[in-house]
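All values derive from a computational prediction rather than experimental measurement. Below, each value reflects all heavy atoms present in this structure, side chains not excepted, and no hydrogens, waters or symmetry copies.
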Amino acid sequence: EVLDYRDMVTIIRDRIREMITKNMTLEQVKAARPTLEYDGLYGRGEVSGEKFVEVVYRDLREGKGKR
């Protein structure tokens with residue numbers, strides 16, 4: 001389960017990073033729903049898919065997600 005979660009985070013991070021390289025705004029990235037296929041599995045807790053996208057987007061824009 002931990003490996004699946006790690007893979008999910010990596011996939012979503014890469015998707016959002018690609019959208020940022022295309023100069024998409026946070027609202028455009030949210031509208032693209034990069035977490036859609038995972039929302040049923042992970043998007044029900046305190047951090048929704050939309051909130052997760054916001055956090056990843058901001059971290060990548062600020063240069064924190066360089067890995």
Side-chain angles (χ1 to χ4, degrees):
E1 289 181 18
V2 172
L3 292 176
D4 290 339
Y5 185 80
R6 182 214 52 201
D7 291 346
M8 178 271 305
V9 170
T10 302
I11 289 166
I12 292 171
R13 180 207 58 203
D14 292 347
R15 288 176 182 172
I16 295 172
R17 181 182 288 146
E18 178 66 24
M19 292 179 198
I20 288 171
T21 64
K22 294 177 180 179
N23 294 316
M24 292 175 72
T25 66
L26 175 57
E27 293 305 316
Q28 290 171 321
V29 172
K30 284 183 186 179
R33 300 194 62 194
T35 63
L36 180 62
E37 68 199 72
Y38 299 104
D39 286 346
L41 297 171
Y42 301 108
R44 294 176 285 190
E46 284 185 39
V47 179
S48 67
E50 187 171 310
K51 183 66 176 172
F52 184 72
V53 168
E54 288 178 25
V55 170
V56 173
Y57 182 90
R58 289 194 174 108
D59 281 353
L60 290 171
R61 293 292 291 190
E62 293 173 8
K64 296 177 183 174
K66 292 183 180 181
R67 291 184 195 178

Working to the nearest 0.5 angstrom, can you tell me the gap between [X] [atom1] and [Y] [atom2]?
X: Tyr38; Y: Ile12; atom1: OH; atom2: CD1; result: 6.5 Å
X: Leu26; Y: Met19; atom1: CG; atom2: CE; result: 11.5 Å
X: Thr10; Y: Leu3; atom1: OG1; atom2: CG; result: 10.5 Å
X: Tyr57; Y: Met24; atom1: OH; atom2: CE; result: 8.5 Å

Linking I/L/V/M/F/W/Y whenever their side-chain heavy atoms sit closer than 4.5 Å, directly or via other members, would [X] and [Y] fall into one cluster?
X: Val9; Y: Ile20; result: yes
X: Leu36; Y: Val29; result: no
X: Phe52; Y: Ile11; result: yes

* To do: Give a yes or no on whether the backbone of Gln28 and the side-chain of Thr25 come within a donor-acceptor separation of less than 3.5 Å.
  => yes
* To do: Would you mind checking if Asp59 and Arg13 are paired as a salt bridge, meaning a charged N to carboxylate O distance below 4.0 Å?
  => no
* Asked: Are Glu54 and Arg58 ion-paired here, with the side-chain N under 4.0 Å from a carboxylate O?
  -> yes
* Structure fact -> What one should report as the nearest heavy-atom pair of Gly49 and Thr35 is CA-OG1, 3.8 Å
* Heavy-atom pair of closest approach, residues Lys30 and Val53 -> CG-CG1, 4.2 Å
* **Derivation of the side-chain contact (heavy atoms from CB on, under 4.5 Å) call for Leu41 and Met8** => CA-CA 10 Å; Leu41 297 171; Met8 178 271 305; over 6 Å; no
* Structure fact -> Residue set satisfying side chain to side chain donor-acceptor pair (under 3.5 Å) with Glu37, at least two apart, ordered chain then number -> Arg15
